[in-house]
Undergrad: 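Sharing a structure here in structure tokens format.
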Amino acid sequence: MRYGSIPVVRKTGGLYDTVFDVDHDKERAEAQGLEPNGFSFDGADPAGVDYALNRAISAWYDGREWFNSLCKRVMEQDWSWNKPALDYLELYHAARK
């Protein structure tokens, strides 16, 4: 995402934590102070992959301006370890008290 690639992922593990589907995860993204940033699917089957890829390709063909703005938005999201590291430090200091 750092370079403007829009993720198409299966909802599992860390991918579920970082990719918020543009059609289905707006509330979940907002709860974390983020915006939807990709396309996801549930099942580990060809139909699930096809569903997500078709939505992504259609978005690119039918809404090029929106898709380009999505690319810019995902590049602006901070997925570095800076914030999690500070959160862990706060937790550590709280545990020491």
Undergrad: With side chains defined as the heavy atoms from C-beta onward, is the minimum distance between L15 and S40 less than 4.5 Å?
TA: no
Undergrad: Between N54 (side chain) and D50 (backbone), is there a donor-acceptor pair under 3.5 Å?
TA: yes
Undergrad: Do the side chains of V19 and V8 join up, straight or via other hydrophobic residues, at under 4.5 Å, putting them in one cluster?
TA: no
Undergrad: Is the side chain of S5 donor-acceptor paired with the backbone N or O of M1 at a distance under 3.5 Å, no angle test?
TA: no
Undergrad: Work out which heavy atom in F41 is nearest to a heavy atom in G48; give both atom names and the distance.
TA: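 Between these two residues, the closest heavy atoms are CB-O, 3.1 Å.
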Undergrad: Restricting to non-hydrogen atoms, name the atom on G4 and the atom on C71 that form the minimum distance, rounded to 0.1 Å.
TA: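 Reported closest heavy-atom pair: O-SG, 3.4 Å.
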Undergrad: Roughly how far, to the nearest 0.5 Å, is CZ of F67 from CD1 of I57?
TA: 9.5 Å
Undergrad: Can you see which heavy atom on W66 is nearest to which on A59, and at what distance?
TA: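 It is CZ3-CB, 3.7 Å.
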Undergrad: Rest of the hydrophobic cluster containing L91 (Ile/Leu/Val/Met/Phe/Trp/Tyr, side-chain heavy atoms under 4.5 Å)?
TA: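 Grouped by the 4.5 Å side-chain rule, L91 forms a cluster of one, so the answer is none.
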Undergrad: Are side-chain heavy atoms of R10 and Y16 found at a separation under 4.5 Å?
TA: no
Undergrad: Which heavy-atom pair separates N37 from P7 by the least distance, and what is that distance?
TA: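 Shortest heavy-atom contact: O-CD, 3.3 Å.
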Undergrad: Would you find more than 12 non-hydrogen atoms of other residues, nucleotides or ligands less than 6.0 Å from R2 atom CZ?
TA: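 It does not: R2 CZ has 12 such atoms or fewer within range.
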Undergrad: Side chains of L70 and M75: does their closest heavy-atom pair fall under 4.5 Å?
TA: no
Undergrad: At what distance, to the nearest 0.5 angstrom, does NZ of K83 lie from OH of Y88?
TA: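 It comes to 11.0 Å.
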Undergrad: Given Q32 and F20, is the side-chain contact (heavy atoms from CB on, under 4.5 Å) satisfied, shown in steps?
TA: CA-CA 10 Å; Q32 294 193 27; F20 304 95; 3.7 Å; yes
Undergrad: Assigning hydrophobic clusters by single linkage (Ile, Leu, Val, Met, Phe, Trp, Tyr; side-chain heavy-atom cutoff under 4.5 Å), is I6 placed with W60?
TA: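 Result: yes, single cluster for both.
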Undergrad: Is W79 close to L34 at the side-chain level, that is, under 4.5 Å between some pair of heavy atoms?
TA: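 Yes - at least one pair of side-chain heavy atoms lies under 4.5 Å apart.
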Undergrad: If you take all heavy atoms of K11 and D42, which pair is closest and at what distance?
TA: CD-OD1, 3.1 Å
Undergrad: So which heavy atom on A29 is nearest to which on P36, and how close?
TA: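 Residues A29 and P36, closest heavy atoms: CB-N, 3.8 Å.
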Undergrad: My understanding is that only residues two or more places apart in sequence, or in another chain, count here; which of them pass side chain to side chain donor-acceptor pair (under 3.5 Å) with R55?
TA: D21, D23
